[in-house]
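The structure appears below as structure tokens.
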2 protein chains.
Amino acid sequence: MAYAPASHRRTSEDRQQEIVEVVLALAAERGVEAITTALIAERMGLTQGAVFRHFPNKEAIWSAVLDWLKLRLGALFERVEARPVDELERIFLGYMAFIHAYPAMPRLVFSDTFHHAYPALHTQVRDMVAGCEVHFRSLIEEATTEGEAIPGRSAAAATLLLASIQGLAFQSAILNLVDDPRLRGPQLFALWRSCLSR
Amino acid sequence: MAYAPASHRRTSEDRQQEIVEVVLALAAERGVEAITTALIAERMGLTQGAVFRHFPNKEAIWSAVLDWLKLRLGALFERVEARPVDELERIFLGYMAFIHAYPAMPRLVFSDTFHHAYPALHTQVRDMVAGCEVHFRSLIEEATTEGEAIPGRSAAAATLLLASIQGLAFQSAILNLVDDPRLRGPQLFALWRSCLSR
DNA sequence: GCAGATAGTAATTGATTACTTACTTGTATG
DNA sequence: CATACAAGTAAGTAATCAATTACTATCTGC
């Protein structure tokens, strides 16, 4: 009777992907806090209860969103440039572009609420960030062996690079203090690079 | 009958200060999300309704907490060192100490929830951060005129310094990835400084 | 074409939480 | 000492929201 037409009926797999997309869009538009199962359903043209046909609970939704983000961000870390410093610049600029395209990511990652509500997801995020720093450090050490960076600075340099990414993400996605982080990227990376080799 | 003894009765001014302290402690222990008026009251040995004798609503509580943080952080920006780079180092290390002492600050400031729920407070935080960057930049320009920094880098250098503070605050207060940011401070500042003067 | 299985609805539930209201007690002051 | 006010209680309210339940329509494989 008041049922949606047949075309509205999709597989659970499709709906799961759709929910992830809707959550990313809603987080970008209205923030992480605003995301309720009712709002997700409304965006999809479904009723609130239908959401729970595709995910057992809200934590599972966040987990799927996190998986999606990890997949996308993970692609950024596949080696492209031969020279390690070029590779670091590519990743840095890629991060800026990602933050710009998906403000939901920093908003989710910076959400204290999120980390307290879902300890398992908190651990995932922490491991992701820690892994990123390790990757930076190994690239910097590679640069050191090639004579492009002076020795003994790789740990601090990796921390500085990672922290500056996070700080810019905060200023962009949370504070709306910088409209497009991509514009700041090249200048900032150049400055960071100057403290590597001198 | 079940009333608290006379000693428990205090002035509203005292209670306001007490509520701010309790909120800071609760945010440090259990995160920003966990803070409810019932929990605040419990910590003070009062009933939940009593909280609203001292603040008209929850936004006013957050506003008072923010005022307290601004007062404390503001003190950090009073000029102490003669040489601008020393002054920058003092502020940087002071920030690390503040983050360590009051994890509630980054948790509040990074909270997307907070910024969406209270636009007026969001603006205050944004202005605080923007002001901090301006202050950094003017100190760096001062260093430039004294020949301690090469020209044309003040804006990027200020952004890099501020962003690295914010990134470390995130790693410390949200991710629990670094136990004591004060230990990382000197090394990071030294690295940042090296890119000022080349 | 029929028998599951599955995606959907509609309504409800139970927990949480900011805020209110009516009343009570302590305290300072003239 | 009386009294007015300020700080507190106790109970309740209205709204929100994740999750459940009982039922229904649609698709798919045999």
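Just so you know, these numbers come straight off a predicted model, no measurement behind them. Below, chains carry the letters A, B, ... as their sequence lines are ordered, and counting in each starts from 1.
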When you measure from the side chain of B/Trp192 to the backbone N and O of B/Ser164, does any donor-acceptor pair fall under 3.5 Å? no

So if I take residues 20-36 of chain A and measure heavy-atom distances to DNA chain C, which residues fall below 4.0 Å? none

Got a list of protein N/O to nucleotides 3-6 of chain C N/O distances below 3.5 Å?
| unit_1 | atom_1 | unit_2 | atom_2 | d |
| --- | --- | --- | --- | --- |
| C/dT6 | O2 | A/Arg9 | NH2 | 2.2 |

Taking the ring centre of each residue, are B/Phe114 and B/His122 less than 6.0 Å apart? no

Ignoring backbone atoms, establish whether A/Thr37 has a side-chain N or O less than 4.0 Å from OP1 or OP2 of D/dA18. yes

Donor-acceptor pair under 3.5 Å, A/Gln48 side chain vs D/dC17 base: no

Just checking, is any N or O donor in the side chain of A/Glu13 or A/Gln17 under 3.5 Å from an acceptor N or O on the other one? no

Are A/Trp68 and A/Tyr102 close enough that their ring centres sit under 6.0 Å apart? yes

Between C1' of C/dG26 and CG of B/Leu46, the distance in whole Å: 14 Å

Which ones in residues 50-69 of chain A lie close to DNA chain C, meaning a heavy atom under 4.0 Å from one of its atoms? A/Ala50, A/Arg53, A/His54

Would you check if the side chain of B/Arg79 reaches a backbone N or O of B/Ala82 as a donor-acceptor pair within less than 3.5 Å? yes

Using atom CD1 of B/Ile40 as one end and atom P of D/dG8 as the other, report the distance to the nearest whole Å. 14 Å

Rounded off to whole Å, could you give me the CG-to-C1' distance for the B/Asp14 and D/dG8 pair? 15 Å

Is a donor on one side and an acceptor on the other found under 3.5 Å between the side chain of A/His100 and the backbone of A/Met96? no

Take atom CD of B/Glu13 and atom P of C/dA28, then tell me their distance rounded to the nearest Å. 15 Å

Establish, from distance only, whether the side-chain atoms of B/Arg53 and B/Ser12 form a donor-acceptor pair under 3.5 Å. no

Are B/Glu29 and B/Arg43 close enough for a salt bridge, meaning some N to O gap below 4.0 Å? yes

Is it the case that the side chains of A/His54 and A/Arg15 hold a donor-acceptor pair, with the cut-off being a distance below 3.5 Å and no angle test? no

Are a donor atom and an acceptor atom from the side chains of A/Thr159 and A/Glu133 found within less than 3.5 Å of each other? yes

How long is the straight-line distance from CG of A/Leu88 back to NE2 of A/His135, given to the nearest 0.5 Å? 8.0 Å

